[in-house]
K.L.:
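Encoded as structure tokens, here's the structure I'll be asking about.
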Amino acid sequence: MKKINSQKRLQTFLEADHISSFFSSPDLPFELYQFEKGEFLNNELDPSGYLLFPVSGSIRILHVRDDGSMYQIASGRSLTCLGDMEFASGRISPYLVEAVTVCQCIVLPLKNTRSVLENDPVFLRFLLCQLAEKMDLSTASQAIPRSLKERLDFYIRTQCTDNTLKGVAKAASALGVSRRQLLRILKQMCEEGTMAKTGKGTYTLQAEKK
């Protein structure tokens, strides 16, 4: 992780992603940070002390089960803000946020701004929307079954465009299994007719027969 000391670049991201529109408070001390691939954002910066807004690259949100296994809840930049759950509850969330690629985030330190934000109606409405989205994700993740076949089905339906998996290695990483394990399940599903191989490393879920 490193801080990028470029006000021009920071301002470009603030304007492009309309981040200032999430607040009515003026002159907030935004900063710009870069995270390397494989770094866990919420280990590098204490999520109880910062709000993070991903503006480039890709991240993924992982849940760690009691047995130590992990599964992916969300990926890309679908989550606009990180640290919102900690801001609202004062507790650390049970998720890991990993940089899938080199990524950059606009960061808002809370040390001298928390009291201001707690009385900012625009930010509080934004926070409410963020928490509702996180609740939906959490509810869905708790319903994910344990078997790899069912987890794969859930992953394709919720994370892949047109119910099509592209890239076995990427999917294996997201599901927390080996490439060999995933290929074995894909082959089994193709034989059952619930999946079809539609290209190199590409598989599409088949519609259920009525």
Side-chain angles (χ1 to χ4, degrees), residues 1-19 30-65 67-87 92-110 130 133-134 137-138 140-141 144 148 151-152 154-156 158-161 164-183 185-186 199-203:
M1 178 192 75
K2 66 179 181 181
K3 183 178 179 180
I4 299 175
N5 295 307
S6 171
Q7 285 299 312
K8 182 178 180 181
R9 196 167 186 179
L10 170 63
Q11 193 60 38
T12 297
F13 280 129
L14 283 171
E15 293 174 359
D17 286 62
H18 308 290
I19 290 174
F30 293 109
E31 300 173 343
L32 184 62
Y33 281 80
Q34 179 168 300
F35 298 86
E36 300 304 314
K37 178 180 178 181
E39 285 190 314
F40 290 99
L41 280 62
N42 50 345
N43 285 345
E44 297 294 331
L45 287 178
D46 181 355
S48 65
Y50 300 87
L51 293 176
L52 282 75
F53 301 87
V55 292
S56 74
S58 181
I59 62 171
R60 63 175 180 169
I61 313 299
L62 301 168
H63 178 75
V64 183
R65 294 192 181 99
D67 62 7
S69 62
M70 296 188 295
Y71 61 87
Q72 179 172 297
I73 296 175
S75 63
R77 286 176 54 198
S78 57
L79 298 178
T80 307
C81 179
L82 303 172
D84 51 349
M85 294 177 68
E86 289 81 1
F87 184 95
I92 302 298
S93 70
Y95 306 120
L96 289 173
V97 184
E98 182 184 13
V100 178
T101 65
V102 174
C103 66
Q104 295 178 341
C105 294
I106 287 179
V107 174
L108 179 59
L110 296 175
Q130 287 288 294
E133 291 179 11
K134 298 281 176 64
L137 284 171
S138 178
S141 69
I144 297 175
L148 177 54
R151 285 164 53 205
L152 174 60
F154 181 88
Y155 171 80
I156 293 176
T158 59
Q159 302 290 328
C160 300
T161 303
T164 298
L165 182 154
K166 295 182 179 180
V168 174
K170 177 183 177 182
S173 176
L175 293 167
V177 299
S178 69
R179 188 173 182 274
R180 179 176 295 180
Q181 284 177 297
L182 184 54
L183 284 171
I185 293 297
L186 287 167
K200 185 177 180 180
T202 304
Y203 296 82

K.L.:
Give a yes or no answer on whether the side chain of Thr12 reaches the backbone of Lys8 with a donor-acceptor pair at less than 3.5 Å.
P.N.:
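Pair found, side chain donor or acceptor close to backbone of Lys8.
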K.L.:
Return yes if a side-chain donor-acceptor contact under 3.5 Å exists between Gln11 and Gln7, otherwise no.
P.N.:
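The answer is no; no qualifying pair exists.
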K.L.:
Can you see which heavy atom on Tyr203 is nearest to which on Leu186, and at what distance?
P.N.:
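Result for this residue pair: CE1-CD1, 3.7 Å.
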K.L.:
Any sub-3.5 Å donor-acceptor pair from Gln130's side-chain atoms to Cys81's backbone N or O?
P.N.:
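Such a contact is found between Gln130 side chain and Cys81 backbone.
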K.L.:
Looking only at heavy atoms, which two atoms of Tyr95 and Asn42 are closest? And how far apart?
P.N.:
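Tyr95 and Asn42 have their closest heavy atoms at O-ND2, 2.8 Å.
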K.L.:
Among Val100, Val97, Thr101, find the residue that satisfies the side chain to side chain contact (heavy atoms under 4.5 Å, CB included) test when tested with Ile59.
P.N.:
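So, applying the side chain to side chain contact (heavy atoms under 4.5 Å, CB included) to Ile59 and each of Val100, Val97, Thr101, only Val97 qualifies.
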K.L.:
Testing Ile4, Leu32, Ile19 one by one against Phe13 for a side chain to side chain contact (heavy atoms under 4.5 Å, CB included), which residue passes?
P.N.:
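With Phe13 as partner, side chain to side chain contact (heavy atoms under 4.5 Å, CB included) holds for just one option, Leu32.
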K.L.:
I need the minimum non-hydrogen distance between Ala171 and Leu182, along with the two atoms involved.
P.N.:
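Distance-wise, the nearest heavy atoms are CB-CD2, 3.7 Å.
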K.L.:
Within the distance-only criterion (no hydrogens, no angle test), does the side chain of Glu39 pair as donor or acceptor with the backbone N or O of Met1 below 3.5 angstrom?
P.N.:
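Confirmed, Glu39 side chain pairs with Met1 backbone.
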K.L.:
For a quick test of reading the model, state the closest non-hydrogen atom pair linking Leu41 to Cys103 and the distance between them.
P.N.:
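Where Leu41 meets Cys103 most closely, the heavy atoms are CD1-SG, 4.5 Å.
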K.L.:
Ignoring hydrogens, what is the shortest heavy-atom contact between Leu110 and Tyr50? Give both atom names and the distance.
P.N.:
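So the minimum-distance heavy-atom pair works out to CD1-N, 3.8 Å.
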K.L.:
Determine whether Gln181 and Leu175 make a side-chain contact, defined as any pair of heavy atoms from C-beta on separated by less than 4.5 Å.
P.N.:
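No, their side chains stay 4.5 Å or more apart.
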K.L.:
Quick one, Ile106 and Asp17 - any side-chain contact, counting heavy atoms below 4.5 Å?
P.N.:
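No, too far: nothing below the 4.5 Å cut-off.
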K.L.:
Could you go step by step and tell me if Val177 and Ile185 meet the side chain to side chain contact (heavy atoms under 4.5 Å, CB included) rule?
P.N.:
CA-CA 11 Å; Val177 299; Ile185 293 297; over 6 Å; no
K.L.:
Which pair of heavy atoms, one from Pro54 and one from Leu82, lies closest together, and at what distance?
P.N.:
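Looks like CG-CD1, 4.2 Å.
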K.L.:
Could you measure the distance from the CZ atom of Arg60 to the CG atom of Leu96? Nearest 0.5 Å is fine.
P.N.:
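Nearest 0.5 Å value for the CZ-CG distance: 10.0 Å.
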